[in-house]
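Please find one structure pasted underneath; my questions will follow.
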Amino acid sequence: MSAASPTHALLLATLLFAVGMLGVLARRNLLLMLMSIEIMLNAAALAFIAAGARWHAAQGQVMFLMILSLAAAEAAVGLAIILRLHSAGRPTLDADTGNRLKG
Amino acid sequence: MDALLLPLIVACPLLAAGVLFLSAGRMPPLPSCVIGAGSVGLSALMAVVLAIGFLQTPPPTGALHATLWSWMQVEGFSARIAFMLDPLSLVMMLVVTGVGFLILLYACGYMHDDPDIARFFGCMTLFVAAMLVLVFSSDLLSLYIGWEGVGICSYLLIGFWHTDTANVTAARKAFIVTRIGDAAMLCGLLLLATRAGTLDVASVLQTVTTRPADLQAAIAAFLLLGGAVAKSAQVPLQTWLPDAMAGPTPVSALIHAATMVTAGVYLIARLHPLFASIPVAMTAVALIGLITLLLAAGSALVQTDIKRILAYSTMSQIGYMFLALGTGAWQAAIFHLVTHAFFKALLFMAAGAIILRVHHRQDIYQMGGLAHAMPGVFAAFLAGSAALAGLPLLTAGFYSKEMILQGAWHADPMLWAGALLGAFATAIYIFRCVFIVFFGPRHTEPHGRTGAIMAIPLVCLAVLALTGGWMEMPDAIAPVHLLSNLLSPLFGAPMPEGPHWLLWAGSLVPLAGIGVAWMLWQPRTGTRTPPENALARLARAGWDFDTLYDVLIVRPFTTLGQLNQTDICDRLSDATAATARAGGRVFGRMQSGQVRRYAGWIAAGTVVALCLGVRP
Amino acid sequence: MSDLPFILFSLVAAVAAIMVVTRAVAVHALLYLVVVLLSLAGVFFALGAPFAAMLEVIIYAGAVMVLFVFVVMMLNLGRSDRDRERHWMAPAVWIGPALLSGLLLIALCTTLRTIPPTAASDTMAPIGPQSVGLLLYGPYVLSVELASFLLLAGLVSAFHIGRNIRGTGTGEP
Amino acid sequence: MTAPMPVIIGVTLVVLLGLATFLTWFERRLLGLWQDRYGPNRVGPGGILQAVADGIKILFKQDWIPPFADRGVFVLAPAIGMMTVLLSFGVVPVTAFWSIAGDLNVGLLFVLAMMGMGVYGVVLAGWASNSKYALLGGMRAAAQMISYEVFMGLSVLGVVMQAGSFTMRDIVLAQSGLWFVVPQALGCAVFTLAGIAETHRLPFDLPEGENELGAGFHTEYSGMKFGIFFLAEYAGVVLISALLVTLYLGGWQGPLLPPALWFALKTGALVCLFILLRAALPRPRYDQLMALGWKILLPLSLINIAATGAILLLHAPG
C-alpha cells in the first residue's frame with residue numbers, strides 16, 4: 001500500500017477536522033471561528049475526494065463542488081454578519097457578545 | 001421543420017414578453033405596440049403555416065411531437081417539456097394566436113395613451129405564451145405550467161390599474177378563487193401521476209383503457225373538474241369572473257372571454273377518455289354546465305354594467321360548452337369554444353369602443369341612442385349579439401349552439417329543455433343590451449372616433465362571428481362537417497342528428513327571445529330604468545354567491561375560531577404549552593446565545609454519537 | 001518516490017492548520033489558511049483529482065480567502081486587537097476543546113482502522129474535468145440547481161445584511 | 001526535439017526576467033515616441049542600458065522596512081506577486097515542444113489559479129504596509145482583481161468549449177484551422193480587458209492611482225522589493241500577451257517562420273498594444289471600472305458562453 005492512498009488521505013482529513021473543531025471551540029474571535037469552519041469544510045471535502053479516488057469515481061469531485069459552493073455562500077453571509085456587527089458598535093469581534101440582540 | 005415551428009410559436013410572444021418586461025416600463029408606446037402585437041402576429045402567421053402543413057400532409061400518428069427537454073426523471077416518475085400538435089390543439093392554437101393577434105392589435109388603439117403600456121403588452125404577450133404552452137403541452141405537468149402562467153397573467157392584468165383598490169381586490173379574488181381550483185387540479189394530477197407513473201397525456205389516457213376506472217380515477221377526474229370549474233368560472237367557483245371585468249377591456253376580451261376561461265373546456269376535452277369512463281363525472285360536468293348557464297343568463301338579464309352583462313354571458317356560454325362536454329358532444333364543445341371566441345371577443349371589443357367614446361361610462365342606462373353616433377361599432381355589436389343569441393342560418397353561434405342542443409337531446413331531454421331556456425334568456429339579455437344602448441334617447445354625447453387600428457379587428461371578428469359557423473352545419477341544412485372531420489380522429493364520430501323539429505325549436509327560440517326583448521325595451525315605449533325588486537337585486541348580485549360563501553365559509557370559520565379560543569381543546573394545548581415551558585426553562589439554560597457554547601454542545605454530541613457508533 | 005509530494009503536502013497542511021487556530025493576528029492566520037488550502041490542492045492533485053485541485057486554488061484560495069482578507073482590511077484591526085486576542089487565548093481556554101477534539105480524533109481514527117486496506121486502486125489515474133462535468137450536468141443536475149439556489153440565497157442575504165440602512169454610506173444602523 | 005526540463009526552465013526564467021527588465025526601457029521609449037518626446041536616451045546606444053542602470057540603482061538601495069509594517073508579510077508580498085506570474089508561464093506552450101508543463105490537463109485552470117493567487121501579492125502589500133494609502137490601494141486591488149478574474153474565467157470558457165480541453169497545447173492545436181479570435185471575438189475582447197485589469201496596468205491601474213493614493217499598494221516599498229513589484233508588472237504584461245496569443249491568436253502557428261519566432265512576434269505586438277493603450281487612454285473612476293465589469297463584461301461573457309454552447313450543440317453530430 002503506497003503512502004498516497006485514500007486511507008491516508010482520510011487520516012489527514014480526520015486530523016484537519018479535529019484541528020478545525022479545536023479552533024471553533026477555543027477561539028473567541030468570530031473571524032477565526034469562521035476560518036476554523038473553513039478548515040473543517042475542507043476536511044470534509046478531502047474525505048469526499050479521497051473516497052472518489054478510492055472508488056475511482058468522479059462523484060467525489062462532484063460533492064467537492066457542492067462543498068465549495070456551500071463554503072462560498074457561508075463565507076459571504078458570515079463575513080457580512082461580521083462586518084455588520086463590527087459597524088454596529090461591536091468592534092471586538094467577540095463571539096460571546098453575540099447574544100446581545102441590540103447593537 | 002414543423003416540429004421546430006411548434007416551440008417557435010411559443011417562443012415568439014415569450015421573447016416579446018421578456019423584452020417588454022426588461023425595459024422596466026420605459027419602452028415608449030409605439031415600439032411596445034409593435035413588439036406586443038407583432039410577436040403575436042408572427043406567431044399567428046407561423047400557426048397558419050403550420051396548420052396548412054398539418055392539414056395538407058397530416059402526420060402518420062395523427063399528431064406532431066416536439067420534445068424540448070426532459071424535465072425530471074426520478075424513480076418511477078418522469079416528466080418532459082414536450083409539445084404536441086393534434087387536431088384539438090391545432091384548433092386551439094389558431095384561436096389563441098388568431099383572436100389574440102386581433103385583440104392585441106385592437107389594444108394598440110385602446111391602450112395607446114396609457115403610461116404603462118409596456119407592462120400591459122408584456123403581460124399580454126406572456127399570457128399568449130403561457131396559453132400556447134397550455135394548449136401545446138403533451139405532458140400534463142407542463143400543461144400545468146401554462147395553466148398557472150395564464151392564471152398569474154390574468155391576476156396581473158385584472159389588477160392592471162393597481163392604484164384603484166377595487167381593481168386590486170378583484171384581482172386578488174380572481175387569484176384566490178382560481179387557486180382553490182388549481183390546488184384541486186394539482187391533487188388530481190398527482191393522483192394521475194401515481195396511477196400512470198408519468199403525466200404524459202397519451203400514457204395517462206392509456207391507463208384509462210388498460211385499467212378499469214376505479215375510485216381513484218374518479219376522484220382524480222373530480223379534482224381535475226374542480227380545476228376546470230374554477231378556471232372556466234362555473235358554479236360553484238364562478239364568482240370571480242364578473243369582478244374580473246375591472247381589468248382593461250382587451251384583457252376581458254382575450255383572457256376572460258376568448259381564451260383563458262375556456263382552458264377548463266380544453267382540459268376536459270383533452271382528457272375526455274378519462275371523463276367518458278366515469279359516468280358520474282360526465283353527469284356532474286353536464287349539470288354544472290346547465291346550472292351555470294341558467295344562473296348566469298339570469299344574472300345577465302338584470303345587469304346594468306355592459307361589461308358585466310358580457311361577463312355573465314361568458315359564464316353562461318362556457319356553461320353550454322360544459323353541457324356539451326358532459327353529454328359527450330366533444331366536437332360541439334370545441335366548435336362552440338371557437339365561435340364563442342369570435343363573437344365574445346367581438347362583443348367585448350365593441351363594448352370597449354363604446355366605453356372609450358362615452359367617457360368611460362359602463363352603465364347601459366347612461367348610454368342610449370348610440371346607433372347613429374357610431375354606426376360601425378353598432379354593426380359590429382349587432383353582429384356579435386346576433387351570433388351570441390344564435391340567429392338562425394346567418395350566424396356562427398347558431399350552428400354551434402344547435403350542435404350542443406342536439407347533444408343534450410341525445411343525453412337527456414331535460415338537459416335539452418334547460419339549454420333551450422338558456423338560449424331564450426340569452427337572446428333576451430343581449431338584445432336588451434342592444435336596444436338600451438343603441439336606441440332610444442341619448443343620455444351621453446359620444447366623442448371622438450373609433451380609429452382604424454381598433455376598427456380592423458372589429459371588422460375581422462364581425463365577419464368571423466357571422467361566417468365562422470359555416471364550417472360545420474347540420475345535415476338538414478347542408479352536409480358540411482369540416483371541424484367534426486378534423487376532430488373525429490381524436491373524439492370519434494360525431495353524434496347522429498336528432499329529429500328535424502329540434503332544429504326548428506332551436507331556430508325559433510332565439511327569435512322569440514328577441515321579440516320579447518323588443519316588446520320590453522323597444523325604443524319608444526320600453527322601460528329605461530333598471531328593474532328594482534328583490535329577485536332582480538338577487539340576480540344582479542350574481543345570485544348572492546359572495547354572501548353565501550361569506551355566510552357558509554368565512555363567517556363560520558371565524559366564529560369557530562372565536563369559539564375555540566377557550567374550549568377544552570385549548571386546555572390540552574395549554575398543558576402542552578406548560579410542559580414545553582417547563583422543559584424550556586430547563587433547556588433554556590443551554591440557550592445562552594453564545595455561539596461557542598452551541599458549537600461545543602454540537603461537537604460533544606457528535607463525539608458521543610461517534611463513540612457509540614465506533615464501540616466494537 | 002511518487003508519494004513524496006503527498007506526504008509533503010499532508011504534513012504542510014496539518015502544520016499550517018495548527019498554525020491557523022493558534023495565530024493572534026488575523027491576517028497571519030489567514031495566510032496559514034491559504035497555505036492549508038494550497039497544500040490540500042496538492043493533496044487533491046496527488047489523489048488524482050486535478051480539477052478539484054485547481055478549483056480549490058481558484059475559488060477557495062483565490063476568491064473566498066481574498067474575501068476574508070478584504071474583510072480584515074475593512075475591519076482595520078490594530079495592536080490592541082492583537083493583545084486582546086492573546087488574552088483570550090489563555091492556556092486554560094484550550095483544555096476543554098482540546099479534550100473534545102482529541103476524543104473525536106481517537107474515535108475517527110479507530111473507525112479508520114476498521115477500513116480494509118485498498119490494494120486494487122493504487123494506480124490513481126487522474127479523473128479529469130470532463131468526467132466531472134458530464135456527471136454534474138447529467139445525473140447531478142438537480143444538485144447543481146440546488147447549489148445555485150444556495151449561492152443566490154447567500155448573495156441575497158449578504159447583500160441584505162450588508163445594506164446601507166440610513167444611506168450614510170457607513171452601514172451604521 | 002524536446003529540450004531537457006532544466007534547460008527549458010532556465011531559459012524561460014532568464015528570457016522572461018531579461019524581457020521584463022528590457023520592457024521597462026522599451027515602454028518609456030515607446031511612450032516617448034508617441035508623446036513626441038525623447039524618453040531615456042543617455043545611457044548606452046539609444047538609452048538601452050537605462051534598464052541596467054535602473055537595476056543597479058535599485059539593487060544598491062538600502063533594503064528598508066518601515067518600522068510600523070508587519071515584517072513577515074511585508075517581505076512576502078512582492079515574492080508572491082512575482083512567483084505567481086512566473087509559475088503561470090509554466091503552462092504556456094511557446095512551441096509544440098517548448099513548454100514546462102504545456103500538456104497539464106488543467107493548464108488553463110492553473111493559469112486562472114495563479115491569477116487568483118496574484119491578488120495576494122498586491123493585497124498583502126497593501127495591508128502589511130500599515131498605511132492608509134497602501135491599504136486603500138490594496139482594497140481596491142482586491143475588489144478589482146477578484147471581479148475581473150470572474151470575467152476572465154468566463155470569457156475563456158468559450159475557448160475551452162470550442163477546443164474541448166483545458167490543455168494549453170490542445171487549445172493551440174485546435175486553432176490550426178481558424179484562430180479563435182474570429183469565433184470568440186467577444187470572449188477575446190473581454191479577456192483583453194480583464195487581462196489589463198488583472199495586471200493593473202493603465203488605464204485600469206486604480207490600485208496604484210498615483211494622483212489619489214500616492215503610489216497605492218506599494219507606497220511604502222523601496223529598493224529591490226519595489227523592483228520586484230515593478231518587474232512582476234511587466235512580466236504580467238508579457239504573460240497576458242502570451243496567453244492572448246495562445247488562447248486566441250493561434251499560438252506558435254504561422255507560415256514560413258519557425259514557431260518560436262511566430263510566438264515571439266505575436267506576443268511582442270500585443271505588448272506594444274498594451275503600451276499603446278497606456279499612452280492613449282485616461283484612467284476611469286473606480287466605480288466606472290466596477291460598473292464596466294459587472295454591468296457590461298459579465299453579461300457579454302455570459303452571452304458569449306451561451307452563444308458558443310448553442311452553436312456547438314447545433315453543430316454537434318447526432
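All values reported here derive from a predicted model rather than from experimental measurement. The basis for the numbers below is simple: all heavy atoms, side chains too, and nothing from hydrogens, waters or symmetry mates.
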**Item:** Near-ring test A:F64/C:F51, centroid separation under 6.0 angstrom
**Value:**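 Centroid separation for C:F51 and A:F64: 6.0 Å or greater.
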**Asked** Would you find a donor on one side and an acceptor on the other, under 3.5 Å apart, between the side chain of A:Q61 and the backbone of C:I127?
**Response**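 Yes.
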**Winner by heavy-atom pair count (cut-off under 4.5 Å) against chain A, out of C:L40, C:V20, C:V93, C:L37** =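 If we count pairs closer than 4.5 Å to chain A, C:L40 comes out on top.
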**Request:** Might you point out which heavy atoms bring A:V77 and C:S157 nearest each other, and give the distance in Å?
**Result:**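 Closest heavy-atom pair between A:V77 and C:S157: CG2-OG, 3.3 Å.
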**Asked** Which distance, rounded to the nearest 0.5 Å, do you find between the CE of C:M89 and the CG of A:N29?
**Response**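 Here the rounded value is 9.5 Å.
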**Request:** Decide yes or no on side-chain contact (heavy atoms from CB on, under 4.5 Å) for A:M66 and C:Y140, but give the supporting numbers first.
**Result:** CA-CA 10 Å; A:M66 297 303 133; C:Y140 290 94; 5.7 Å; no
**Message:** Quick check: closest heavy atoms across C:A17 and A:V19, and the distance to 0.1 Å?
**Reply:**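 Minimum heavy-atom contact is O-CG1, 3.6 Å.
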**Message:** Among A:G60, A:G52, A:S69, which residue has the highest count of heavy-atom pairs closer than 4.5 Å to chain C?
**Reply:**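 So the answer, after comparing A:G60, A:G52, A:S69, is A:S69.
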**Message:** To check you understand the geometry: which heavy-atom pair defines the closest contact between A:A76 and C:A158, and what is its length?
**Reply:**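 Minimum heavy-atom separation between A:A76 and C:A158: O-CB, 3.9 Å.
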**Request:** Sort out for me which of C:V36, C:L155, C:L55 touches chain A most, counting heavy-atom pairs under 4.5 Å.
**Result:**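 The answer is C:L55.
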**Request:** Mind checking the CG-CG spacing from C:L100 to A:L25? Nearest 0.5 Å is all I need.
**Result:**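 Taking CG in C:L100 and CG in A:L25, the distance rounds to 6.0 Å.
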**Prompt:** Quick one: are A:H8 and C:S10 in side-chain contact, heavy atoms under 4.5 Å?
**Reply:**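 In short, these two side chains do not touch, never coming nearer than 4.5 Å.
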**Request:** Please test C:L75 against A:I82 for side-chain contact (heavy atoms from CB on, under 4.5 Å), starting from the C-alpha separation and ending with a verdict.
**Result:** CA-CA 9 Å; C:L75 295 181; A:I82 288 178; 4.2 Å; yes
**Prompt:** Where does C:I59 contact chain A at under 4.5 Å (heavy atoms): side chain, backbone, both or neither?
**Reply:**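 Side chain of C:I59 only, per the 4.5 Å heavy-atom cut-off to chain A.
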**Prompt:** Which bit of A:S36 is near chain C, if near means a heavy-atom gap under 4.5 Å: side chain, backbone, both or neither?
**Reply:**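 Side chain only.
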**Asked** Under the side-chain contact (heavy atoms from CB on, under 4.5 Å) criterion, do A:L79 and C:F70 qualify, and how do the steps go?
**Response** CA-CA 10 Å; A:L79 291 175; C:F70 195 75; over 6 Å; no
**Message:** Taking side chain as everything from C-beta outward and backbone as N, CA, C, O, which of these in A:M21 sits under 4.5 Å from a heavy atom of chain C? Side chain, backbone, both or neither.
**Reply:**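 When you check distances to chain C, atoms from both the backbone and side chain of A:M21 fall under 4.5 Å.
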**Asked** Out of C:V132, C:V64, C:L99, which one racks up the most heavy-atom pairs below 4.5 Å with chain A?
**Response**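 Greatest number of close heavy-atom pairs with chain A: C:V132.
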**Asked** Which bit of C:V43 comes within less than 4.5 Å of chain A, counting heavy atoms only: side chain, backbone, both or neither?
**Response**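 Contact with chain A is through the side chain of C:V43 alone.
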**Request:** Could you pull out the closest heavy-atom pair between C:L33 and A:E38, with the gap in Å?
**Result:**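 Looking at all heavy atoms of both residues, the closest pair is CD2-CB, 4.3 Å.
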**Largest heavy-atom contact set with chain A, pairs under 4.5 Å, which of C:L11, C:T22, C:L30** =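 Going by pairs under 4.5 Å, I would pick C:L30.
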**Request:** Please look at A:L10 and chain C and tell me whether the side chain, the backbone, both or neither of the residue comes under 4.5 angstrom of a heavy atom of that chain.
**Result:**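 Both parts, backbone and side chain.
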**Request:** Measure across A:A80 and C:I161 and return the closest heavy-atom pair with its distance rounded to 0.1 Å.
**Result:**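 That closest heavy-atom pairing would be O-CG2, 3.7 Å.
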**Item:** Separation between OG of C:S131 and NE2 of A:H56, rounded to the nearest 0.5 Å
**Value:**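 These two atoms lie 8.0 Å from each other.
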**Prompt:** Under 4.5 Å between any side-chain heavy atoms of A:L32 and C:V21, yes or no?
**Reply:**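 No. Closest side-chain heavy atoms not under 4.5 Å.
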**Request:** Identify which part of A:L16 has an atom lying under 4.5 Å from any heavy atom of chain C, answering side chain, backbone, both or neither.
**Result:**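 For A:L16, side-chain heavy atoms alone lie under 4.5 Å from chain C.
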**Request:** Show the numbers, then the answer: is there a side-chain contact (heavy atoms from CB on, under 4.5 Å) between A:L12 and C:F9?
**Result:** CA-CA 10 Å; A:L12 175 63; C:F9 282 132; over 6 Å; no
**Request:** Would you check if C:M74 and A:H86 make a side-chain contact, meaning some heavy-atom pair closer than 4.5 Å?
**Result:**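 Of all side-chain heavy-atom pairs linking A:H86 with C:M74, none is under 4.5 Å.
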**Asked** Quick one: salt bridge (charged side-chain N to carboxylate O under 4.0 Å, His left out) pairs with a partner in residues 16-36 of chain A, sequence neighbours left out?
**Response**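 Residue pairs passing salt bridge (charged side-chain N to carboxylate O under 4.0 Å, His left out), neighbours aside: A:R27-C:E85, A:R28-A:D94, A:R28-A:D96.
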**Prompt:** side chain to side chain contact (heavy atoms under 4.5 Å, CB included) with A:A13: which residues, sequence neighbours excluded?
**Reply:**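 Listed in chain order: A:L46, A:A47.
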**Message:** Between A:L65 and chain C, with a heavy-atom cut-off of 4.5 Å, which part of the residue counts as in contact: side chain, backbone, both or neither?
**Reply:**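 Contact with chain C is through the side chain of A:L65 alone.
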**Request:** Find out whether A:L11 and C:C109 are in side-chain contact, i.e. whether some heavy atom of one side chain is under 4.5 Å from a heavy atom of the other.
**Result:**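 With C-beta onward as the side chain, the pair touches.
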**Asked** Is A:L34 close to C:F68 at the side-chain level, that is, under 4.5 Å between some pair of heavy atoms?
**Response**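 The answer is yes, as the side chains (C-beta and beyond) meet within the 4.5 Å cut-off.
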**Atom group of C:S148 that falls short of 4.5 Å from chain A, counting heavy atoms** =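 Contact with chain A is absent: no heavy atom of C:S148 under 4.5 Å.
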**Heavy-atom pair count under 4.5 Å with chain C, highest-scoring of A:G23, A:A72, A:A18** =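 Highest number of heavy-atom pairs under 4.5 Å: A:A18.
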**Item:** Side chain / backbone / both / neither for C:L105 at chain A, heavy atoms under 4.5 Å
**Value:**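 For C:L105, backbone and side chain are both near chain A.
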**Message:** On a heavy-atom basis, which atom in C:F6 and which in A:A9 lie closest, and how many Å separate them?
**Reply:**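 Smallest interatomic distance, heavy atoms only, reads CZ-N, 3.8 Å.
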**Message:** Below 4.5 Å, heavy-atom pairs only: which of C:P97, C:G154, C:A63 has the largest tally toward chain A?
**Reply:**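 The option with the most such pairs is C:P97.
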